[in-house]
Amino acid sequence: IFCSDHGDMLGDHGLAYKWLMYESVVRVPFFIVPGAAVAGRVRAPSAEDALVSLLDIGPTFLDAAGVPRPARLEGRSLWPMLQGQAAPRRDHVFCEDNYQIMMRTPTHKLVVYLGQEDGEFYDLSADSDERQNLWGDASARPLRDRLERELFRWFAQSVYFNGPCKTRDGGQKLRWPARGDFALHGPNLWADGAEL
């Protein structure tokens with residue numbers, strides 16, 4: 001499996017680095033090339049447009065090896081898809097990083113900033129560059145509210161988010177961007193035009 005854990009802004013939205021949930025950060029390369037041991041059991045190479053998550057890697061390897069997977073793994077195995085079967089389609093995938101959680105459907109993206117009133121909501125089918133934030137748009141509110149409920153339902157029950165790697169270290173705390181915090185977002189302009 002060849003993939004990346006994140007992309008980088010590289011100037012998109014006037015930003016650098018990886019610290020926000022724009023498509024250039026969360027949509028990453030993901031290639032699966034079967035090894036000799038399973039090559040005869042998979043279909044010919046193809047491109048898929050299904051929503052997948054890096055959480056799917058573990059279950060996929062376990063299924064390919066014929067090993068039962070622990071119930072705590074949230075990912076879905078891509079092994080059926082690799083064998084040419086119709087894999088169950090996801091309605092959404094999730095991502096979290098420090099002070100933000102994101103939910104992406106095939107057509108929309110919702111980003112919630114923990115402890116903040118405002119967030120981001122994009123109709124990706126009409127605005128693939130994520131330039132028109134619909135968070136405050138009254139006509140988008142019913143869909144935003146529904147997706148927000150689904151996002152928090154996942155957040156509350158996520159084994160990944162509530163796992164030992166996240167909860168045992170008492171030193172973890174939310175890290176909000178601040179003026180002069182080049183390490184978090186890279187050089188950018190504040191609303192007043194003054195550089196960080």
Side-chain angles (χ1 to χ4, degrees), residues 1-111 120 122 124-125 127-130 150-151 154-155 158-166 169 172 175 182-186:
I1 292 181
F2 172 83
C3 62
S4 174
D5 65 335
H6 63 82
D8 282 290
M9 296 292 217
L10 300 176
D12 292 351
H13 298 272
L15 298 165
Y17 305 127
K18 65 177 183 177
W19 302 104
L20 295 170
M21 297 291 180
Y22 290 116
E23 287 291 278
S24 54
V25 174
V26 299
R27 189 173 180 154
V28 298
F30 192 96
F31 299 93
I32 300 176
V33 180
V38 296
R41 297 187 288 152
V42 298
R43 68 177 178 178
S46 65
E48 295 289 333
D49 65 354
L51 291 173
V52 298
S53 170
L54 297 181
L55 295 174
D56 299 336
I57 294 173
T60 301
F61 273 123
L62 292 172
D63 278 0
V67 175
R69 58 185 171 132
R72 71 179 179 274
L73 295 182
E74 286 184 44
R76 295 182 182 178
S77 174
L78 303 176
W79 184 240
M81 186 186 304
L82 293 170
Q83 295 179 298
Q85 301 169 22
R89 295 267 178 183
R90 276 196 170 93
D91 293 328
H92 31 64
V93 290
F94 303 96
C95 185
E96 61 83 24
D97 183 41
N98 210 349
Y99 57 88
Q100 56 194 324
I101 51 176
M102 182 271 293
M103 174 183 184
R104 189 194 191 287
T105 75
T107 59
H108 289 81
K109 181 185 289 179
L110 175 73
V111 182
E120 295 178 75
Y122 299 102
L124 299 173
S125 57
D127 178 25
S128 60
D129 291 331
E130 300 168 288
E150 292 179 37
L151 175 67
W154 166 78
F155 191 67
S158 171
V159 174
Y160 169 73
F161 190 79
N162 295 301
C165 65
K166 296 281 186 178
D169 178 6
Q172 284 193 342
R175 181 173 167 222
F182 292 103
L184 193 57
H185 289 289

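Numbering of residues begins at 1 and proceeds along the displayed sequence.
Under the salt bridge (charged side-chain N to carboxylate O under 4.0 Å, His left out) test applied with D56, the options R76, R69, R90 reduce to a single match, R90.
Side-chain contact between M102 and V25: absent, with no pair of heavy atoms (C-beta onward) separated by less than 4.5 Å. Side-chain contact check for E150 versus D91: every heavy-atom pair is 4.5 Å or farther apart. At least one side-chain heavy atom of K109 sits less than 4.5 Å from a side-chain heavy atom of V26. Inter-residue side-chain proximity for M21 and D97 is flagged as met; some heavy-atom pair is nearer than 4.5 Å.
Here the closest non-hydrogen pair linking D5 and V28 is C-CG1, 4.5 Å. The nearest pair of heavy atoms linking Y22 to E120 is OH-OE1, 3.4 Å. The shortest non-hydrogen separation linking T60 to L78 is OG1-N, 2.8 Å. Across every non-hydrogen atom of C3 and I57, the tightest pair is SG-CD1, 3.9 Å.
Legend: residues meeting side-chain hydrogen bond (donor to acceptor under 3.5 Å, both in side chains) with S128, ordered by chain and number and at least two apart, are absent.
A side-chain donor-acceptor contact under 3.5 Å links E130 to the backbone of E23.
Surrounding CZ of F30 are more than 12 heavy atoms belonging to other residues, nucleotides or ligands, all under 6.0 Å away.
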Problem set entry | Audit row: L55, F94, side chain to side chain contact (heavy atoms under 4.5 Å, CB included) steps and yes/no | CA-CA 10 Å; L55 295 174; F94 303 96; over 6 Å; no

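In this structure, CZ on R104 lies 14.5 Å from CG on L151, to the nearest 0.5 angstrom. Distance check, rounded to the nearest 0.5 Å: CG of L51 to OG1 of T105 gives 7.5 Å. The distance from atom OG1 of T107 to atom NE2 of H92, rounded to the nearest 0.5 Å, is 11.0 Å.
A donor-acceptor contact closer than 3.5 angstrom links the side chains of W79 and Q83.
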